**Student:** 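I'd like to ask some things about the structure below.
This one's a predicted model, so the numbers in the text were calculated from it and none came from an experiment. Values below: every heavy atom of this structure, side chains too, minus hydrogens, waters and symmetry copies. Convention: sequence-line order gives letters A, B, ...; per-chain numbering from 1.
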Amino acid sequence: MSTLHTVNKSPFERDSLSACIRLASKGHAILLIEDGVFGAMAGTDHSDMVSGAMKDATIYVLGPDLAARGMSEDRVIDGIQVVDYSGFVELTAKHETCQSWL
Amino acid sequence: MKYSIMVNEGPYTHQASDTALAFCKAALEAEHEIFRVFFYHDGVNNGTRYTVPPQDDRNIQKEWSKLAEAHDIDMVICIAAAQRRGIMDADEAKRQGLDGDNIAPGFRISGLGQLIEGGIIADCQLVFGD
Amino acid sequence: MAIKKFMFVNRKAPYGTVYALESLEVVLIGAAFEQDVSLAFVGDGVYQICKGQSTDGIGMKNFSPTYKALGDYEVTKLYVEKESLEARGLTLDDLMPLVWEDEDDDYAEKPSIRLVSSEELATVFDEQDVVLSF
């Protein structure tokens with residue numbers, strides 16, 4: 001089975017992203033939304049953890065939440081794909097289950 | 001795809017309700033079905049019609065009500081969570097001896113079984129919260 | 001009605017927020033619908049099932065005894081992530097001894113708590129149909 005995980009918390013505030021990465025299986029997808037988008041940025045204390053996770057999982061970030069926070073797509077970690085809400089819907093349709101990390 | 005959505009936070013304090021709304025709109029746009037939206041924890045506060053944000057702000061309650069009407073979405077407020085937080089429909093207000101109700105159009109109050117049933121019936125269960 | 005695998009993921013401590021209590025209320029309803037219910041305790045969620053909770057001093061109801069009743073509702077799969085427990089300096093002995101009675105085995109009491117590694121828990125998550133997070 002394949003799961004879409006969503007993470008909506010900044011990795012600087014809570015352990016949602018690290019817990020998600022620890023407990024997601026190979027081949028799963030992780031979508032960063034709301035304050036979770038800060039986890040997608042390059043050059044932070046958490047970037048190495050996220051880059052490491054990309055060996056096993058595909059990581060996406062919600063563009064409208066990046067833009068709202070003034071985070072440029074240019075500064076997103078290489079390999080993370082930016083999607084909009086319709087991309088979010090497509091991801092849920094592509095996976096059997098969704099799991100939220102709040 | 002048939003979706004069941006759970007919203008665990010009220011409007012304005014957390015983004016959860018806004019994100020859930022935007023997701024539902026995008027899913028409907030893509031011709032998917034939103035079978036049910038279940039409001040739990042502080043999420044029940046999305047369903048009071050006494051929500052009056054400033055004119056330059058979005059009215060989240062009205063947006064939910066509009067969406068429910070346009071797409072025939074079953075929007076359920078959890079009764080136990082609602083009673084704790086003062087969200088009432090007319091029947092419940094009468095039963096509790098209160099002087100009025102505050103539930104918004106398109107919302108109904110029911111039990112947690114509706115959440116489980118949503119999970120059983122839908123192809124995809126999503127949770128928006130804090 | 002179809003039977004699905006429902007997983008309730010608890011990642012928050014009790015009392016500071018309402019999530020633990022209201023999650024437990026959903027679990028009981030899920031069991032009443034005769035679904036295949038599991039619970040996971042991850043991160044601060046492990047504090048929900050610690051022994052010796054006493055709420056007299058904070059004016060809130062101590063709902064920890066409800067976890068002991070889960071076995072009676074045939075909720076017998078409580079997964080605790082070992083890494084989360086260890087990170088908090090806790091062991092199994094710090095958790096409530098939660099059990100269920102196996103009617104197929106002369107009502108023998110069996111432990112409901114399953115201490116699992118992150119890797120094992122990931123496999124359990126992977127088998128679920130519906131995941132509700134609190």
Side-chain angles (χ1 to χ4, degrees), chain B residues 1-10 13-17 19-20 23 32-47 74 76-87 108-130, chain C residues 1-45 48 55 58-61 63 66 69-70 73-75 77 124-134:
Chain B
M1 288 278 287
K2 196 183 279 220
Y3 289 92
S4 171
I5 309 285
M6 174 157 78
V7 178
N8 285 342
E9 295 300 332
T13 305
H14 296 97
Q15 199 185 342
S17 188
T19 305
F23 179 88
H32 295 299
E33 178 192 349
I34 307 294
F35 168 69
R36 177 169 293 152
V37 184
F38 191 87
F39 297 87
Y40 197 40
H41 305 297
D42 281 357
V44 300
N45 292 318
N46 286 287
D74 187 23
V76 180
I77 292 175
C78 169
I79 186 159
Q83 285 176 333
R84 284 194 180 110
R85 294 162 178 87
I87 308 295
R108 68 183 177 97
I109 292 183
S110 189
L112 278 168
Q114 302 285 300
L115 171 63
I116 302 297
E117 189 198 57
I120 295 169
I121 291 175
D123 305 310
C124 176
Q125 171 74 53
L126 275 170
V127 180
F128 295 94
D130 183 53
Chain C
M1 210 178 268
I3 295 179
K4 282 193 175 180
K5 287 183 171 225
F6 275 74
M7 170 60 84
F8 296 90
V9 185
N10 299 287
R11 288 185 44 246
K12 293 181 180 112
Y15 309 115
T17 56
V18 78
Y19 303 105
L21 169 63
E22 288 189 332
S23 158
L24 203 46
E25 290 178 355
V26 188
V27 169
L28 296 175
I29 300 291
F33 269 66
E34 297 185 341
Q35 298 299 300
D36 183 354
V37 171
S38 301
L39 277 70
F41 297 89
V42 174
D44 282 352
Q48 293 182 19
T55 56
I58 60 167
M60 291 166 81
K61 186 178 157 193
F63 60 92
T66 311
L70 287 174
Y73 292 87
E74 292 179 31
V75 177
K77 290 176 282 189
V124 175
F125 280 153
D126 206 26
E127 294 162 351
Q128 303 301 317
D129 298 311
V130 178
V131 183
L132 294 174
S133 312
F134 294 93

**Student:** Pick whichever of C:Ile3, C:Val18, C:Val26 has the most heavy-atom pairs under 4.5 Å with chain B.
**Tutor:** C:Val26
**Student:** Check whether B:Ala81 gets within reach of chain C through its side chain, its backbone, both or neither, counting any heavy atom under 4.5 Å.
**Tutor:** both
**Student:** Any side-chain heavy atom of C:Leu132 sitting closer than 4.5 Å to one from B:Val127?
**Tutor:** yes
**Student:** May I ask you to name which of B:Gly119, B:Ala80, B:Cys78 has the most heavy-atom pairs under 4.5 Å with chain C?
**Tutor:** B:Gly119
**Student:** Please tabulate the donor-acceptor pairs under 3.5 angstrom that span chain B and chain C, backbone and side chains included.
**Tutor:**
{"residue": "B:Glu9", "atom": "OE2", "partner": "C:Tyr19", "partner atom": "OH", "Å": "2.2"}
{"residue": "B:Tyr40", "atom": "OH", "partner": "C:Glu22", "partner atom": "O", "Å": "2.5"}
{"residue": "B:His41", "atom": "ND1", "partner": "C:Glu22", "partner atom": "OE1", "Å": "2.6"}
{"residue": "B:Arg84", "atom": "NH1", "partner": "C:Glu22", "partner atom": "OE2", "Å": "2.7"}
{"residue": "B:Arg84", "atom": "NH2", "partner": "C:Glu25", "partner atom": "OE2", "Å": "2.9"}
{"residue": "B:Arg85", "atom": "NH1", "partner": "C:Glu22", "partner atom": "OE2", "Å": "3.1"}
{"residue": "B:Arg85", "atom": "NH2", "partner": "C:Glu22", "partner atom": "OE1", "Å": "3.3"}
{"residue": "B:Gly119", "atom": "O", "partner": "C:Lys4", "partner atom": "NZ", "Å": "3.1"}
{"residue": "B:Ile120", "atom": "O", "partner": "C:Lys4", "partner atom": "NZ", "Å": "3.0"}
{"residue": "B:Ala122", "atom": "O", "partner": "C:Lys4", "partner atom": "NZ", "Å": "2.9"}
{"residue": "B:Asp130", "atom": "O", "partner": "C:Lys12", "partner atom": "NZ", "Å": "2.7"}

**Student:** For the CD1 atom of B:Ile116 and the CZ atom of C:Phe6, what is their distance to the nearest 0.5 Å?
**Tutor:** 5.0 Å
**Student:** Please look at B:Leu115 and chain C and tell me whether the side chain, the backbone, both or neither of the residue comes under 4.5 angstrom of a heavy atom of that chain.
**Tutor:** side chain
**Student:** I need the residue from B:Ile121, B:Leu126, B:Leu112 with the largest number of non-hydrogen atom pairs under 4.5 Å to chain C.
**Tutor:** B:Leu112
**Student:** Specify which of C:Val130, C:Val131, C:Leu28 makes the most heavy-atom pairs with chain B at under 4.5 Å.
**Tutor:** C:Val130
